[in-house]
Amino acid sequence: MILRSLGTFSFCLTVLMMPVLSNAQGVVSGSGPENRITILYDAFGKDASMRKDWGFSALVEVAGKRILFDTGDNRDIFAANVKAKNVDLTKLDFVVLSHRHGDHMAGLAHVLSANPTVKIYAPKEGFGIFGSSLPSSFYRKAEALPPDMRYFDGTPPEVMTFGSAWQGANFELIDKTTEIAPGITLIALVSEAPGTRELKELSLAINTPDGIVLVVGCSHPGIDKIIEAAANINPKIHLVAGGFHLVVASDDAISKIVATLKDTFKVENIAPGHCTGEPTFAALKQAFGDRYTYAGVGTALEVGSGAAAGQRRGEAPALDTDDLVSYRRLAAREDPFGLAVWRRRLANKEQ
Ligand SMILES: [Zn+2]
Ligand SMILES: [Zn+2]
């Protein structure tokens with residue numbers, strides 16, 4: 001049993017009274033019939049009914065909520081995987097788009113075709129594709145100009161709105177870490193890494209009686225920074241799933257992160273996918289042993305009823321030959337991290 005039951009209401013009360021959890025943020029207040037995270041989109045996996053592609057999406061069913069976290073890289077593949085898992089997109093509590101990269105958003109059009117009014121949480125970014133607004137006082141005025149040379153003839157609206165790439169979609173933009181429902185927090189952090197500097201990313205932290213269940217998209221701000229923010233809600237980190245963005249990291253950097261997760265934050269269970277990277281899968285597998293859960297596309301990570309039939313935990317190796325072949329092929333085709341450029345630069349330096 002890896003992920004124990006979310007517990008009964010009385011257990012929740014007991015947990016709520018424990019000093020370690022007595023903070024301002026809530027704990028999810030009950031367990032639904034299904035508590036699981038289903039991986040709907042990734043570049044490796046064993047489920048023959050699912051298509052593999054570079055990108056990420058997961059259906060998070062915890063505490064009676066159905067949350068779609070990210071929507072994959074290709075609308076058609078996302079639609080096929082959603083169908084294969086019989087996911088009813090009309091019955092979602094909300095969608096979270098972790099960040100504005102295409103390998104996490106391309107299926108949104110399919111979600112909207114089934115459920116046009118669904119609430120979508122996305123990072124608030126100036127002039128971003130999720131839409132934004134600013135008071136018109138933001139730009140300098142030149143009152144002496146004739147009206148036909150001035151914006152809006154010199155009388156701009158008080159608030160200027162800038163469109164989203166999905167006109168009419170029900171976006172709620174998140175600027176800072178926010179508890180959007182009792183026990184459910186969107187952690188908002190900004191990347192400082194070259195290439196994605198200023199990119200804002202949302203991660204989903206659910207405060208269950210077992211500790212934090214944390215779902216991450218690409219971890220551009222740093223998986224350690226995201227877990228640190230989650231530990232501020234509840235220092236007991238029960239599960240971390242998703243992409244850790246260590247796909248081009250050096251062995252040293254990987255070792256440091258793995259040690260931070262295991263020894264500093266004492267992460268209990270780990271279910272890495274997407275941009276975590278092959279050497280990191282191996283390092284995490286070695287460090288976490290049977291607390292490492294295989295999380296390829298089609299996997300349902302049980303959060304509440306223990307290791308369900310078909311759940312692959314602690315099996316070696318982290319990825320087998322088939323997984324490696326598909327993961328490498330898709331990563332190379334998509335080149336989502338500019339690896340080709342990076343390798344060319346490296347080759348030029350060596351010459
Ligand atoms: Zn990304
Ligand atoms: Zn990604």
Side-chain angles (χ1 to χ4, degrees), residues 37 39-45 50-60 68-75 77-78 81 95-111 120-125 128-130 165 174 186-204 214-227 229 240-249 253-254 257 271-281 284 295-297 299 319 323 326-342:
I37 300 169
I39 310 298
L40 294 173
Y41 214 103
D42 212 322
F44 67 102
M50 303 293 275
R51 289 174 64 184
K52 296 181 194 96
D53 186 30
W54 189 266
F56 190 68
S57 172
L59 180 71
V60 181
L68 181 66
F69 185 91
D70 284 340
T71 62
D73 180 60
N74 173 295
R75 177 183 174 151
I77 296 174
F78 174 76
N81 285 353
V95 177
V96 177
L97 288 182
S98 64
H99 65 301
R100 59 173 147 80
H101 282 168
D103 55 339
H104 296 252
M105 301 186 309
L108 184 61
H110 179 66
V111 178
I120 305 156
Y121 292 101
K124 183 171 184 162
E125 294 187 306
I129 57 160
F130 306 121
I174 300 290
L186 291 175
I187 293 169
L189 290 171
V190 178
S191 168
E192 290 169 5
T196 54
R197 224 181 284 282
E198 296 188 358
L199 173 76
K200 193 174 277 181
E201 182 167 336
L202 302 180
S203 307
L204 175 66
L214 180 63
V215 184
V216 294
C218 252
S219 302
H220 291 292
I223 184 64
D224 50 335
K225 298 262 167 44
I226 297 169
I227 295 177
V240 185
F244 298 177
H245 201 67
L246 295 163
V247 78
V248 297
I254 292 168
I257 288 283
H274 185 40
C275 55
T276 300
E278 293 170 10
T280 318
F281 288 140
L284 286 167
V297 64
T299 303
L319 297 187
D323 283 329
S326 56
Y327 191 81
R328 281 178 188 160
R329 178 172 49 80
L330 292 166
R333 193 194 73 202
E334 296 296 335
D335 195 20
F337 304 99
L339 293 183
V341 177
W342 179 73

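Each ligand, and each atom within it, is numbered from 1 in the order the structure gives. Sequence positions, counted from 1, serve as the residue numbers for this chain. Computed from a predicted model, the values in this text were never measured in an experiment.
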**Q** Just give me the atom name: the N, O or S atom of Asp103 closest to the Zn ion (ligand 2).
**A**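 It is OD2, the N, O or S atom of Asp103 closest to the Zn ion (ligand 2).
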**Q** Do Leu68 and Ser57 touch side chain to side chain, with heavy atoms closer than 4.5 Å?
**A**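 In short, these two side chains touch, coming nearer than 4.5 Å.
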**Q** So which of the N, O or S atoms of His101 lies nearest the Zn ion (ligand 1)?
**A**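 Of all N, O or S atoms belonging to His101, ND1 is the one nearest the Zn ion (ligand 1).
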**Q** Check whether any N, O or S atom of Cys218 sits under 2.8 Å from the Zn ion (ligand 2).
**A**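 Yes, Cys218 qualifies, because one of its backbone or side-chain N, O or S atoms lies under 2.8 Å.
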**Q** Can an N, O or S atom be found in His104 less than 2.8 Å away from the Zn ion (ligand 2)?
**A** yes
**Q** Tyr41 and Trp54: aromatic ring centres closer than 6.0 Å?
**A**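 No - the distance between ring centres of Tyr41 and Trp54 does not fall below the 6.0 Å cut-off.
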**Q** Tell me whether the Zn ion (ligand 1) has His99 as a neighbour, meaning an N, O or S atom of it below 2.8 Å.
**A** yes
**Q** Ring-plane angle category for His274 and His104, please: parallel below 30°, perpendicular beyond 60°, tilted otherwise.
**A**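 Taking His104 first and then His274, their aromatic rings stand perpendicular (interplane angle over 60°).
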**Q** Between Asp73 and Phe78, is there a side-chain heavy-atom distance shorter than 4.5 Å?
**A**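 Result no, sub-4.5 Å side-chain heavy-atom pair not found.
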**Q** Of all the atoms in His245, is at least one N, O or S atom closer to the Zn ion (ligand 1) than 2.8 Å?
**A**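 So His245 does not count as coordinating the Zn ion (ligand 1).
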**Q** Side chain to side chain donor-acceptor pair (under 3.5 Å) with Ser203: which residues, sequence neighbours excluded?
**A** none
**Q** Closer than 3.5 angstrom, by distance alone: can the side chain of Asn81 be matched with the main-chain N or O of Met50 as a donor-acceptor pair?
**A**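 A pair under 3.5 Å: no.
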**Q** How is the N/O/S atom of His274 that comes nearest to the Zn ion (ligand 2) named?
**A**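 Nearest N/O/S atom: NE2.
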